[in-house]
Amino acid sequence: MTGMKPLVIAGRAFQSRLIVGTGKYKDGAETQAAIEASGAEMVTVAVRRVNLDRSSESLLDFIDPQRYFLLPNTAGCYTAEEAIRAARLGREVGLSDWVKIEVIGDQQTLYPDVQATLEATRVLVKDGFTVLPYTSDDIVFAKRLIDAGAAAVMPLGAPIGTGAGITNLHHLRMMRELITDVPLIVDAGLGTASDAAMAMELGYDAVLLNTAIAGASDPILMAEAMQHAVLAGRQAFLAGRMPRKLYATASSPMEGISR
């Protein structure tokens with residue numbers, strides 16, 4: 001497709017710019033169907049919430065590792081030490097040496113603990129991981145994460161699971177303008193297709209979604225809608241929107257028309 005380059009993170013190319021999570025679905029079959037409908041290539045899996053030894057049915061039984069790139073995440077961790085341990089566990093059982101670092105700092109809002117996230121990022125980068133940290137919209141910490149070796153930065157659009165859409169538009173716009181050396185991925189808070197399209201129209205490189213799909217009345221249909229929204233938003237960003245004007249301009253100008 002014209003102008004549509006792949007998303008490249010740490011030298012690895014992905015044709016889809018939609019990353020999907022695997023939590024909150026009613027069962028493994030629905031999870032599998034939603035992932036397929038989304039067109040995503042990268043799928044996140046919570047290390048602490050799946051059966052890693054396969055002693056009983058596991059979410060991993062429904063995700064084909066030959067088809068999808070697994071991105072373990074440290075959801076449910078509240079300290080840097082917990083997140084580091086979860087990342088290492090995921091690597092030990094053969095999931096990946098990539099990790100989405102998520103360290104929660106407040107149980108009610110699920111806002112990230114940016115200091116602990118930075119600490120975990122530093123340790124895991126030195127340990128050979130490709131680290132994608134989930135963080136706030138604080139540009140200072142975003143730059144510190146990059147300095148620590150983060151392969152991408154994943155700021156929230158709104159608190160996890162709220163479906164509120166992008167509530168920090170100014171901050172995200174500023175972050176996109178000032179950070180261009182690594183991919184930026186909007187992660188958390190989006191609720192519907194227009195939210196995903198807006199994130200992409202801001203110039204973000206990708207979006208990561210879970211509850212917006214799993215919590216929909218028809219998750220499979222919403223997954224498909226998100227696929228289209230991400231693509232449309234990316235195309236609109238590349239195309240460049242028309243200038244906003246204060247006054248009307250005729251669609252069919254009168255210049256050159258004889259009277």
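We use all heavy atoms of the structure for the numbers below, so side chains are in, but hydrogens, waters and symmetry mates are not. Each residue takes its place number in the sequence, starting with 1.
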Taking the side chain as C-beta and beyond, is there a heavy-atom pair between [X] and [Y] under 4.5 Å?
{"X": "K100", "Y": "L208", "answer": "yes"}
{"X": "I84", "Y": "E119", "answer": "no"}
{"X": "T135", "Y": "V153", "answer": "yes"}
{"X": "L95", "Y": "L60", "answer": "yes"}
{"X": "D181", "Y": "I146", "answer": "yes"}
{"X": "P155", "Y": "M175", "answer": "yes"}
{"X": "V20", "Y": "L18", "answer": "yes"}
{"X": "V43", "Y": "I19", "answer": "no"}

Of the non-hydrogen atoms in [X] and [Y], which two are nearest, and what is the gap between them?
{"X": "P133", "Y": "T121", "answer": "CB-OG1, 3.9 Å"}
{"X": "G23", "Y": "A214", "answer": "O-CB, 3.5 Å"}
{"X": "V207", "Y": "A199", "answer": "CG1-CB, 3.6 Å"}
{"X": "E30", "Y": "P219", "answer": "OE2-CG, 3.7 Å"}
{"X": "W98", "Y": "I9", "answer": "CH2-O, 3.3 Å"}
{"X": "A151", "Y": "P183", "answer": "O-CD, 3.4 Å"}

Calculate, to the nearest 0.5 Å, the distance between atoms [atom1] and [atom2] belonging to [X] and [Y] respectively.
{"X": "F69", "Y": "S16", "atom1": "CZ", "atom2": "OG", "value": "13.5 Å"}
{"X": "M226", "Y": "L221", "atom1": "CE", "atom2": "CG", "value": "11.0 Å"}
{"X": "R234", "Y": "K5", "atom1": "CZ", "atom2": "NZ", "value": "9.0 Å"}
{"X": "I63", "Y": "L70", "atom1": "CD1", "atom2": "CG", "value": "6.0 Å"}
{"X": "R173", "Y": "L178", "atom1": "CZ", "atom2": "CG", "value": "13.0 Å"}
{"X": "E41", "Y": "I35", "atom1": "CD", "atom2": "CD1", "value": "13.0 Å"}

Exercise for the section: Could you go through the salt bridge (charged side-chain N to carboxylate O under 4.0 Å, His left out) check for R48 and E82 one step at a time? Expected result: CA-CA 10 Å; R48 299 186 66 185; E82 286 180 341; 3.8 Å; yes
Exercise for the section: Answer yes or no: does atom CE of M198 have more than 12 heavy-atom neighbours from other residues, nucleotides or ligands under 6.0 Å? Expected result: no
Handout entry: Neighbour count >12 (heavy atoms, 6.0 Å) for atom CD, E177
Key = no
Shared hydrophobic cluster for [X] and [Y] (ILVMFWY, side-chain gaps under 4.5 Å):
{"X": "L124", "Y": "L118", "result": "no"}
{"X": "V182", "Y": "L7", "result": "no"}
{"X": "V103", "Y": "I185", "result": "no"}
{"X": "L145", "Y": "M154", "result": "no"}
{"X": "Y111", "Y": "Y134", "result": "yes"}

Side chain [X], main chain [Y], donor-acceptor under 3.5 Å:
{"X": "D138", "Y": "V140", "value": "yes"}
{"X": "R176", "Y": "G203", "value": "yes"}
{"X": "N168", "Y": "H171", "value": "no"}
{"X": "D187", "Y": "L156", "value": "no"}
{"X": "Q227", "Y": "A37", "value": "yes"}
{"X": "T31", "Y": "Y25", "value": "no"}
{"X": "Y204", "Y": "L172", "value": "yes"}
{"X": "R17", "Y": "P6", "value": "yes"}
{"X": "D205", "Y": "L184", "value": "yes"}
{"X": "T74", "Y": "E102", "value": "yes"}

Practice task
Check the side chains of D195 and T192 for a donor-acceptor pair under 3.5 angstrom, ignoring hydrogens and angles.
Solution key: no
Exercise for the section: Any chance you could lay out the side chain to side chain contact (heavy atoms under 4.5 Å, CB included) test for L71 and N73, step after step, and finish with the verdict? Expected result: CA-CA 6 Å; L71 177 65; N73 71 59; 5.8 Å; no
Exercise for the section: Take T162 and T167, measure what side chain to side chain contact (heavy atoms under 4.5 Å, CB included) needs, and give me the verdict at the end. Expected result: CA-CA 11 Å; T162 60; T167 59; over 6 Å; no
Problem - Salt bridge E201-R241, side-chain N to carboxylate O under 4.0 Å - result: no
Handout entry: Electrostatic pair D97-R88, nearest N-O below 4.0 angstrom
Key = no
Practice task
Output, in order, the C-alpha distance, side-chain angles, deciding distance and verdict of side chain to side chain contact (heavy atoms under 4.5 Å, CB included) for M4 and L231.
Solution key: CA-CA 9 Å; M4 294 295 288; L231 178 58; 3.4 Å; yes
Problem - F237/M200 under side chain to side chain contact (heavy atoms under 4.5 Å, CB included): CA gap, chis, key distance, verdict - result: CA-CA 7 Å; F237 169 72; M200 299 303 294; 6.0 Å; no
